[in-house]
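Here is the structure we will look at.
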Amino acid sequence: MSVDIGIIGLPQSGRTTIFNGLTRGKVDTGSHAPKGLAPHIGIAKVPEPRFQILADMLQPKRLVPAEIRYIDIGASVKDLVKDETISGQLLTQLSNVDALINVVRAFTDDRIPHVEGSLDVARDIATTDLELTFSDLTIIERRLKKIELSLKGAKPPERQGLLREQETLTKIKADLEKDVPIRELKLTTDEARLITSYQFLTAKPLLIAVNIGEEQLPEAASLEAELNAHYSRPHSRVTTVCGKLEMELGQLDNSAAEEFRVGFGLKESGLDRITKSAYELLEIITFFTIASAEIKAWPIQNGTNALKAAGKIHSDMERGFIRAEVISYHDLVKSGSLAEARKKGLLRLEGKNYIVQEGDVITFLFNV
Ligand SMILES: Nc1nc2c(ncn2[C@@H]2O[C@H](COP(=O)(O)OP(=O)(O)OP(=O)(O)O)[C@@H](O)[C@H]2O)c(=O)[nH]1
Ligand SMILES: [Mg+2]
């Protein structure tokens with residue numbers, strides 16, 4: 001699966017700065033000037049600490065990490081509900097992402113006026129939530145009107161479907177009006193299926209990235225715990241990140257960045273924490289393949305079976321699936337090599353319905 005994450009937030013909250021940090025990009029930041037609505041799109045390689053150990057053991061020619069595509073939306077969330085052309089374009093950029101990152105400003109800088117006149121993390125989180133809710137409500141209301149019209153001339157089988165949709169949307173609308181986002185609703189499988197095509201924004205997992213200043217770094221962990229106690233809801237969580245620092249570190253090579261990080265007393269990069277949180281929110285696990293001197297990390301949704309996992313690699317592998325040869329990362333490391341693991345009988349043959357586990361090393365056997 002490719003994982004796509006949309007970056008949203010209020011104007012001048014540091015969205016593009018964080019985008020640059022995440023993707024090692026060099027897009028201009030801090031430009032108030034009116035710009036086109038084109039989004040910035042960039043790729044981040046997912047850090048994988050197990051790679052080095054596998055590489056030392058298996059001496060591959062290449063290590064291929066999983067990737068996340070980040071999309072820095074072409075305008076602020078405040079534009080989502082402006083006029084229909086703008087909101088339409090923004091929605092197109094947002095509707096296909098798997099999760100959202102809401103960048104909220106917490107850094108102080110007198111040279112950069114806050115759009116709302118003052119610094120207030122809680123207020124800004126609520127503002128963005130409201131814009132997303134508003135966007136979903138607009139879509140629902142439009143659809144409900146259409147359904148009502150269609151019902152007038154509908155024949156019985158079509159009528160059934162329309163009534164079911166009307167019922168579900170009406171229920172969701174009532175919750176949204178009480179400020180309950182769709183991601184927090186307990187929908188039945190049928191209801192969830194019925195609304196997937198709408199790609200509602202409040203249905204997407206949400207990571208709130210509180211953009212702190214360098215001087216707040218020492219309190220980052222306690223601030224994060226405090227914020228999570230307040231705002232961590234189903235399929236949502238909060239992380240702190242110092243956008244400016246991460247963007248600067250993103251321009252350095254890994255070892256230099258690491259040195260700086262240690263200097264700042266940071267255990268882990270803010271960007272790695274964002275990636276980790278995104279994986280957790282999306283319930284993504286990683287499996288590995290080792291083939292033609294390449295070790296690759298693949299992201300899949302937890303609960304995926306071997307057949308579907310093969311399909312992520314190549315449709316031929318899914319179509320011609322025979323078996324999967326599986327060993328856990330830990331068993332492989334313990335054995336020291338695939339040959340040794342095979343001798344010890346630690347390689348299992350699994351069928352289509354085997355549920356892939358975190359850290360599985362898999363060779364798919366297929367026939368086309
Ligand atoms: N001091 C400080 N400044 C920051 C930080 N993050 C961003 N900035 C500054 O805030 C300004 C806005 O940052 P951007 O990344 O352009 O913010 P944005 O949300 O993309 O802004 P627009 O797309 O123009 O609405 C820039 O001048 C940044 O340098 C931070 O952590 N600390
Ligand atoms: Mg920007």
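Only heavy atoms go into these numbers, but all of them, side chains included; no hydrogens, no water, no symmetry mates. Model, not experiment: these values are computed from the prediction. First listed ligand is number 1; within each ligand, the first listed atom is number 1.
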What atoms in ligand 1 come closer than 4.0 Å to a heavy atom of [X]?
X	result
G243	31 (O)
G30	12 (C), 14 (P), 16 (O), 26 (C), 27 (O)
P11	25 (O)

| Can a salt bridge be assigned to the pair E280 and R273 using a cut-off of 4.0 Å between side-chain N and carboxylate O? | no
Evaluate [X] for polar contact with ligand 1, using N/O atom pairs at a separation under 3.5 Å.
X	result
I212	yes
T29	no
I112	no
D72	no
T17	yes
G213	no

| task | Decide ring-ring contact (aromatic ring centres under 6.0 Å, His included) for F200 and Y198; before the verdict, give the C-alpha distance in whole Å, the side-chain angles of both, and the deciding distance to 0.1 Å. | result | CA-CA 5 Å; F200 288 124; Y198 291 109; 5.1 Å; yes
| query | Strictly under 2.8 Å, is any N, O or S atom of Q12 next to the Mg ion (ligand 2)? | reply |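 Under 2.8 Å: Q12 has no N, O or S contact with the Mg ion (ligand 2).
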| query | With hydrophobic residues grouped by side-chain heavy-atom distances under 4.5 Å, do Y329 and Y354 end up in a single group? | reply | no
| query | Relative to ligand 1, is N211 under 4.0 angstrom through side chain, backbone, both or neither, heavy atoms considered? | reply | side chain
| Of the backbone atoms (N, CA, C, O) and the side-chain heavy atoms from C-beta on, which set of D109 has a member under 4.0 Å from an atom of ligand 1: side chain, backbone, both, or neither? | side chain
| request: Please work out which of M247, R15, K78 has its closest non-hydrogen atom nearest to atom 22 (P) of ligand 1. | output: R15
| Would a 4.5 Å heavy-atom cut-off, applied to side chains only, mark T23 and I43 as touching? | no
| field | Whether S13 lies under 4.0 Å from ligand 1, heavy atom | value | yes
| said: For F287 and W298, take the angle between the two ring planes, folded into 0 to 90°, and tell me which bin it lands in: parallel under 30, tilted 30 to 60, perpendicular over 60. | reply: parallel
| query | Is the backbone of S315 close enough, under 3.5 Å, to the side chain of E318 for a donor and an acceptor to pair up by distance? | reply | no
| Think R105 forms a cation-pi with F107, using NZ or CZ under 6.0 Å from the six-ring centre and within 45 degrees of its axis? |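 Yes - R105 lies over the ring of F107, closer than 6.0 Å to its centre and within 45° of its axis.
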| field | A220 to I212 - nearest heavy-atom pair and separation | value | CB-CD1, 3.7 Å
| What's the shortest heavy-atom distance between A55 and I295, and which atoms? | N-CD1, 4.4 Å
